[in-house]
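Remember, predicted model here, so these are calculated numbers, not experimental data. In what follows, chains carry the letters A, B, and so on, assigned in the order in which the sequence lines appear, proteins first and then strands, with residues in each chain numbered from 1.
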There are 2 protein chains.
Amino acid sequence: MTAEELEFFPAASQGGPDYGERIRAVFEKHLVKQGLNLTKQRLRILDFLIAAKRHLELDEIYLALRKHGIGRATVFRSLKLLEECGLVDHVTTTKGASRFEIKLERPHHDHLICVECGNIQEVRWPQLEKIQEETCRKLGFAPTWHRHEIFGRCRRCAKA
Amino acid sequence: MTAEELEFFPAASQGGPDYGERIRAVFEKHLVKQGLNLTKQRLRILDFLIAAKRHLELDEIYLALRKHGIGRATVFRSLKLLEECGLVDHVTTTKGASRFEIKLERPHHDHLICVECGNIQEVRWPQLEKIQEETCRKLGFAPTWHRHEIFGRCRRCAKA
DNA sequence: ATGGATGCAAATGATTTGCAGAATG
DNA sequence: CATTCTGCAAATCATTTGCATCCAT
């Protein structure tokens with residue numbers, strides 16, 4: 001396994017200059033195309049996700065923003081819109097709620113999920129992706145997305 | 001990718017002589033150890049899973065067996081027991097209910113799930129397993145289980 | 001004005017649990 | 001007899017929707 005084949009990176013690796021602007025532009029474009037509006041609630045939810053730089057549960061977002069009068073349903077519907085335009089992805093955890101993250105300009109990655117502390121570590125496996133694609137092609141299976149999650153105990157929790 | 005690296009097999013590849021007997025033996029042993037009993041309901045549920053040779057939803061089992069007076073809760077609790085002793089595994093599908101399958105003596109495999117017809121195709125990726133293990137070791141992550149599912153349209157549905 | 005957007009509360013759907021009676025060893 | 005089991009119904013919990021109202025254009 002070489003360095004190209006295996007790359008780790010923190011969720012915070014996203015960014016660069018004007019990252020937030022680019023994200024908002026994609027969102028607005030999507031909304032306009034659908035005849036929808038970029039409301040302040042939607043913007044606030046998106047900004048919160050960008051700032052978090054990690055996987056958030058719907059309720060984490062809701063609890064943080066309800067002081068601004070934003071309801072759970074709005075968070076839910078905004079996340080849906082954000083997924084529709086490819087800005088956001090979600091991870092279905094074993095038990096409990098899904099976790100959402102910004103994915104624009106972030107390479108595809110898989111997740112190591114600590115069942116102890118809930119922390120999610122990301123890992124890139126370009127080689128695995130290649131094998132998957134080849135397999136699907138051979139089988140005539142047309143993949144739209146995949147989920148590859150390893151559950152266990154992270155370094156810190158494994159020691160404790 | 002060689003033949004050893006990539007192996008497909010139908011869910012019905014399980015079996016061989018006395019397969020059902022071996023499964024029942026594992027179950028009974030587990031129950032006895034816990035001071036529990038191998039009741040006729042539990043046996044019926046297990047047998048139904050063995051006979052099915054495919055991924056079943058809890059409700060499929062329930063609907064098939066309720067004519068024998070078996071309740072949903074019993075199916076639920078039996079599946080839990082069967083997972084505890086390693087006889088059964090479940091796949092969390094995108095939407096809807098989990099699907100359960102017998103796993104005794106079946107090699108680990110991943111799933112290609114058709115979002116159109118719900119069919120689940122299985123695939124073995126020994127090479128991928130190896131890479132995963134190595135990565136976890138490097139990161140000090142102690143894996144307990146993983147889930148690797150590709151969603152898309154199967155050959156038949158992709159054509160239609 | 002008109003259509004989209006929001007928040008609330010209630011519906012949904014899968015999963016899980018409490019409990020009283022039945023079955024088991 | 002002392003537990004364990006079971007089925008029912010009801011509780012949970014995340015997710016989703018209906019609806020009256022609010023807001024932006």
Side-chain angles (χ1 to χ4, degrees), chain A residues 24 27-48 55-85 88-101 113 118 147, chain B residues 27-48 55-85 88-100 113 118 147:
Chain A
R24 283 181 216 104
F27 194 27
E28 183 153 27
K29 190 173 167 188
H30 175 75
L31 293 173
V32 167
K33 191 161 55 178
Q34 314 271 313
L36 308 175
N37 308 321
L38 183 58
T39 64
K40 54 179 172 302
Q41 286 93 334
R42 285 172 183 168
L43 202 47
R44 230 193 252 278
I45 290 163
L46 176 56
D47 282 343
F48 189 75
H55 302 72
L56 295 173
E57 293 191 4
L58 189 148
D59 255 40
E60 289 186 86
I61 303 170
Y62 163 63
L63 292 173
L65 298 182
R66 69 170 162 182
K67 57 172 170 280
H68 300 298
I70 295 179
R72 196 179 259 110
T74 300
V75 176
F76 168 73
R77 285 184 280 231
S78 297
L79 287 171
K80 205 169 171 183
L81 284 170
L82 287 164
E83 289 207 74
E84 276 170 24
C85 62
V88 162
D89 236 351
H90 77 274
V91 183
T92 310
T93 56
T94 355
K95 265 272 358 144
S98 298
R99 313 272 298 261
F100 298 82
E101 66 171 334
I113 302 169
R147 158 166 83 187
Chain B
F27 194 27
E28 182 153 27
K29 189 174 169 187
H30 174 76
L31 292 173
V32 167
K33 190 162 56 179
Q34 314 270 315
L36 307 177
N37 310 320
L38 182 59
T39 64
K40 56 179 170 304
Q41 285 93 334
R42 286 173 183 167
L43 201 48
R44 229 193 254 275
I45 290 163
L46 176 56
D47 282 344
F48 189 74
H55 302 73
L56 295 173
E57 294 192 5
L58 189 148
D59 255 42
E60 289 186 88
I61 303 170
Y62 163 64
L63 292 173
L65 299 182
R66 71 170 160 181
K67 57 171 170 280
H68 300 298
I70 295 179
R72 196 180 259 110
T74 300
V75 176
F76 168 73
R77 285 184 279 231
S78 297
L79 287 172
K80 205 169 170 183
L81 284 169
L82 286 164
E83 289 207 75
E84 276 169 25
C85 62
V88 161
D89 235 350
H90 76 273
V91 183
T92 310
T93 55
T94 355
K95 267 275 351 149
S98 299
R99 312 272 297 263
F100 299 81
I113 302 169
R147 156 167 85 184

For this session: Dump the intermediate steps for side chain to side chain contact (heavy atoms under 4.5 Å, CB included) on A:Val91 and A:Ile113, then the final yes or no.
Result: CA-CA 10 Å; A:Val91 183; A:Ile113 302 169; 4.1 Å; yes

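- With sequence neighbours excluded, no residue forms a salt bridge (charged side-chain N to carboxylate O under 4.0 Å, His left out) with A:Glu28.
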N/O donor-acceptor pairs under 3.5 Å from side chains in residues 74-83 of chain B, not counting sequence neighbours:
| from | atom 1 | to | atom 2 | distance (Å) |
| --- | --- | --- | --- | --- |
| B:Ser78 | OG | B:Thr74 | O | 2.8 |
| B:Glu83 | OE1 | B:His90 | ND1 | 3.0 |
| B:Glu83 | OE2 | B:His90 | ND1 | 3.2 |

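- Distance CZ/B:Phe48 to CD/B:Glu60: 7.5 Å, rounded to 0.5 Å.
- Note that CG of B:Asp89 and NE2 of B:His55 are 8.5 Å apart. Values are rounded to the nearest 0.5 Å.
- Distance, A:Leu81 CG to C:dA5 P: 8 Å, rounded to whole Å.
- Of the residues in residues 56-63 of chain A, none has a non-hydrogen atom less than 4.0 angstrom from any atom of DNA chain C.
- One atom, CG of B:Leu65, and another, C1' of D:dT6, lie 14 Å apart when rounded to the nearest Å.
- Counting to the nearest Å, the C1' atom of D:dT15 and the CZ atom of A:Arg99 are 17 Å from each other.
- Comparing B:Arg72 and A:Arg42 against DNA chain C, the residue whose closest nucleotide sits nearer the 5' end is A:Arg42.
- No donor-acceptor pair closer than 3.5 Å links the side chain of B:Gln34 to the backbone N or O of B:Leu31.
- Distance A:Ile70 CD1 to D:dC23 P: 14 Å, rounded to the nearest Å.
- Listed by first and then second residue, the salt bridge (charged side-chain N to carboxylate O under 4.0 Å, His left out) pairs involving residues 64-74 of chain A are A:Asp59-A:Arg72 (not counting sequence neighbours).
- Listed by chain and residue number, B:Thr39 satisfy the side chain to side chain contact (heavy atoms under 4.5 Å, CB included) test with B:Asn37 (two or more places apart in sequence, or in another chain).
- Atom pair B:Leu79:CG and C:dA14:C1' shows a separation of 13 Å (rounding to whole Å applied).
- What separates CZ of B:Phe27 from C1' of D:dC5 is a distance of 12 Å, to the nearest Å.
- Between atom CD of residue A:Gln41 and atom CD1 of residue A:Ile45 there is a gap of 7.0 Å, rounded to the nearest 0.5 Å.
- One atom, CG of A:Leu31, and another, P of D:dA24, lie 15 Å apart when rounded to the nearest Å.
- Summarising the geometry, the separation between CG on A:Leu43 and P on C:dA5 is reported as 14 Å, rounded to the nearest angstrom.
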Sub-3.5 Å pairs of nitrogen or oxygen atoms, protein against nucleotides 17-25 of chain C:
| from | atom 1 | to | atom 2 | distance (Å) |
| --- | --- | --- | --- | --- |
| C:dT24 | OP1 | B:Lys40 | NZ | 3.0 |

